[in-house]
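Below: the structure, in structure tokens.
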Amino acid sequence: MFSLTELRDAADFVHQYVAPTPTIQWPLLDRATGLSLYVKHENHTRLGAFKIRGGLTFCRHIGKHSEPNRGIVSATRGNHGQSLAHAASRFGMAATIVVPHGNSVEKNAAMRAWGAEVIEHGDDFQAAAEFAQSYAINEGALMVPPFHPELVRGVASYGLELFDDVKNIDRVYVPVGMGSGICSLITARDALGLETEIVGVVASGADAVRQSFLAGKVIQTSTADTFADGVACRSPDAKVIEIITKGAADIVAVNDDQIADAMRLYFSSCHTLAEGAGAVPLAAAIADRDRNIGKKVALILTGANIDRADFAHILSGEKR
């Protein structure tokens with residue numbers, strides 16, 4: 001999708017706003033799992049998520065090739081919207097973000113704090129996305145999709161950081177929602193000419209991407225039932241499926257109990273906060289423990305944005 005030179009150029013731009021995040025091997029985490037794990041802490045960005053990177057390169061792109069005063073519109077469950085709200089504020093653009101009813105109160109507040117107008121519509125991401133599309137047309141604004149090459153180009157900066165920091169990684173686990181994270185990782189790996197396996201992870205109650213990967217074509221599901229809202233996809237993008245079908249070693253699924261266990265383990269062994277989507281790689285690495293023993297395994301901890309009450313509930317160990 002992009003050459004290494006193009007990715008390095010984007011990373012240099014992103015690093016003007018986002019400091020490289022650390023990759024840490026935690027002794028307690030390795031002891032608890034019996035594995036050799038390297039955690040890429042995208043939960044340490046100023047937005048608490050990896051998405052900040054793509055919003056910057058996307059808004060730079062449209063600032064050069066479109067009319068910035070049109071404003072942008074997009075749909076989100078939170079981190080994509082925060083990224084666009086933050087980037088729009090940097091580039092002097094208006095941003096309108098559509099979220100489904102019942103979306104994270106604290107993610108909504110964060111988007112508003114960055115200057116975005118937040119509209120609640122529909123019962124899930126897909127309904128919000130469809131409304132956002134019509135809203136953008138009616139308002140004469142630019143609709144920002146959840147997957148776009150310029151989003152991938154910016155997000156790939158975290159992949160470059162990871163592969164520069166840790167050599168000879170055997171396998172990387174990465175969450176898959178609408179696809180910018182895994183596609184950027186594949187793009188960075190391929191540009192560097194590495195052999196590292198990339199394994200995408202979804203929630204078992206929201207496995208449209210896994211079904212699509214196995215079928216080699218887009219499979220839509222009627223629901224996306226998981227508390228891990230960052231991987232709650234029921235209508236995958238065809239381009240995403242094409243990229244992961246060619247570039248991912250596997251797409252695996254973990255259930256909500258496994259995700260909650262991983263969130264608690266991150267907190268107890270690393271004293272770090274992971275939202276549901278951010279914890280699915282750890283859950284998958286543990287579930288795949290037998291094939292990961294003796295391997296150098298990286299985990300993309302994509303975000304920390306979970307409402308306080310929800311995290312307290314998970315930490316308590318109560319069933320959802």
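All values derive from a computational prediction rather than experimental measurement. One is the number of the first residue; the rest follow in order along the sequence.
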Quick one: do [X] and [Y] end up in the same hydrophobic cluster if we chain Ile, Leu, Val, Met, Phe, Trp and Tyr together by side-chain heavy atoms under 4.5 Å apart?
{"X": "F267", "Y": "M263", "value": "yes"}
{"X": "V297", "Y": "V166", "value": "no"}
{"X": "L151", "Y": "F2", "value": "no"}
{"X": "L29", "Y": "V172", "value": "no"}
{"X": "L7", "Y": "I300", "value": "yes"}

Which heavy atom in [X] sits nearest to a heavy atom in [Y], and how many Å separate them?
{"X": "I182", "Y": "G200", "answer": "CD1-CA, 3.7 Å"}
{"X": "S3", "Y": "A191", "answer": "C-CB, 4.5 Å"}
{"X": "H101", "Y": "H121", "answer": "NE2-CA, 3.9 Å"}
{"X": "S268", "Y": "L28", "answer": "O-CD1, 4.4 Å"}
{"X": "V240", "Y": "G179", "answer": "CG1-CA, 3.9 Å"}
{"X": "D307", "Y": "V105", "answer": "OD2-N, 3.1 Å"}

Within-4.5 Å side-chain heavy-atom neighbours: [X] and [Y]:
{"X": "W26", "Y": "C270", "value": "yes"}
{"X": "E120", "Y": "P100", "value": "no"}
{"X": "L4", "Y": "L160", "value": "yes"}
{"X": "L84", "Y": "W114", "value": "no"}
{"X": "I244", "Y": "I186", "value": "yes"}
{"X": "I119", "Y": "I97", "value": "no"}
{"X": "V98", "Y": "F125", "value": "no"}
{"X": "R234", "Y": "Q220", "value": "no"}

Next item on the list: Show your working on side-chain hydrogen bond (donor to acceptor under 3.5 Å, both in side chains) between N255 and S204 and close with a plain yes or no.
Entry: CA-CA 5 Å; N255 63 41; S204 55; 5.4 Å; no
Checklist line | Side-chain donor-acceptor pair present, S36, Q25, cut-off under 3.5 Å | finding: yes
Taking [X] for its side chain and [Y] for its backbone only, find out whether a donor-acceptor pair lies under 3.5 Å.
{"X": "T245", "Y": "E242", "answer": "no"}
{"X": "Q211", "Y": "A208", "answer": "no"}
{"X": "R210", "Y": "I251", "answer": "yes"}
{"X": "E130", "Y": "A127", "answer": "no"}
{"X": "K296", "Y": "K167", "answer": "yes"}
{"X": "R189", "Y": "G247", "answer": "yes"}
{"X": "D250", "Y": "V252", "answer": "no"}
{"X": "T76", "Y": "G81", "answer": "yes"}
{"X": "D30", "Y": "L37", "answer": "yes"}
{"X": "S83", "Y": "N79", "answer": "no"}

Do other residues, nucleotides or ligands put more than 12 heavy atoms under 6.0 Å from [X] [atom1]?
{"X": "Q16", "atom1": "CD", "result": "yes"}
{"X": "D123", "atom1": "CG", "result": "no"}
{"X": "D12", "atom1": "CG", "result": "yes"}

Next item on the list: For the residue pair F13 and F91, categorise the inter-ring angle as parallel (less than 30°), tilted (30 to 60°) or perpendicular (more than 60°).
Entry: tilted
Measure the spacing between [atom1] of [X] and [atom2] of [Y] and express it to the nearest 0.5 Å.
{"X": "T23", "Y": "Y38", "atom1": "OG1", "atom2": "OH", "result": "10.5 Å"}
{"X": "R171", "Y": "E195", "atom1": "CZ", "atom2": "CD", "result": "13.5 Å"}
{"X": "S74", "Y": "Q133", "atom1": "OG", "atom2": "CD", "result": "10.0 Å"}
{"X": "H271", "Y": "Y266", "atom1": "NE2", "atom2": "OH", "result": "15.0 Å"}
{"X": "Q126", "Y": "S222", "atom1": "CD", "atom2": "OG", "result": "12.0 Å"}
{"X": "N103", "Y": "N108", "atom1": "CG", "atom2": "CG", "result": "4.5 Å"}

Any salt bridge linking [X] with [Y]? Criterion: basic side-chain nitrogen under 4.0 Å from a carboxylate oxygen.
{"X": "E197", "Y": "K295", "value": "no"}
{"X": "D164", "Y": "R8", "value": "yes"}
{"X": "R153", "Y": "D9", "value": "yes"}
{"X": "D124", "Y": "R77", "value": "no"}

Next item on the list: Show the numbers, then the answer: is there a salt bridge (charged side-chain N to carboxylate O under 4.0 Å, His left out) between K107 and D229?
Entry: CA-CA 11 Å; K107 286 181 180 179; D229 53 13; 3.2 Å; yes
Checklist line | side-chain contact (heavy atoms from CB on, under 4.5 Å) assessment of I169 paired with F163 | finding: CA-CA 8 Å; I169 299 171; F163 294 128; 4.0 Å; yes
Solution key, residues 50-61 side-chain donor-acceptor pairs under 3.5 Å, sequence neighbours excluded:
unit_1	atom_1	unit_2	atom_2	d
K51	NZ	S180	OG	3.2
R53	NE	E42	OE1	2.7
R53	NH1	S157	OG	2.8
R53	NH1	E161	OE2	2.8
R53	NH2	E42	OE1	3.4
R53	NH2	E42	OE2	3.0
R53	NH2	E161	OE1	3.1
R53	NH2	E161	OE2	3.3
T57	OG1	G54	O	3.1
T57	OG1	E150	O	2.7
T57	OG1	G154	N	3.3

Next item on the list: Check the pair V201 / V254 against side-chain contact (heavy atoms from CB on, under 4.5 Å), numbers first and verdict last.
Entry: CA-CA 7 Å; V201 191; V254 291; 3.9 Å; yes
Checklist line | side-chain contact (heavy atoms from CB on, under 4.5 Å) between K40 and V174, intermediate numbers included | finding: CA-CA 10 Å; K40 177 60 170 168; V174 58; over 6 Å; no
Check: Where do H41 and I24 land on the side-chain contact (heavy atoms from CB on, under 4.5 Å) test, with the steps shown first?
Finding: CA-CA 8 Å; H41 280 279; I24 302 174; 3.9 Å; yes
Next item on the list: Before giving the answer on side-chain hydrogen bond (donor to acceptor under 3.5 Å, both in side chains), spell out for T272 and N43 the whole-Å C-alpha distance, their side-chain angles and the decisive distance to 0.1 Å.
Entry: CA-CA 9 Å; T272 198; N43 59 331; 2.9 Å; yes
Item checked: Residues D288, Y173; criterion side-chain hydrogen bond (donor to acceptor under 3.5 Å, both in side chains); working and verdict -> CA-CA 11 Å; D288 287 348; Y173 288 87; 3.0 Å; yes
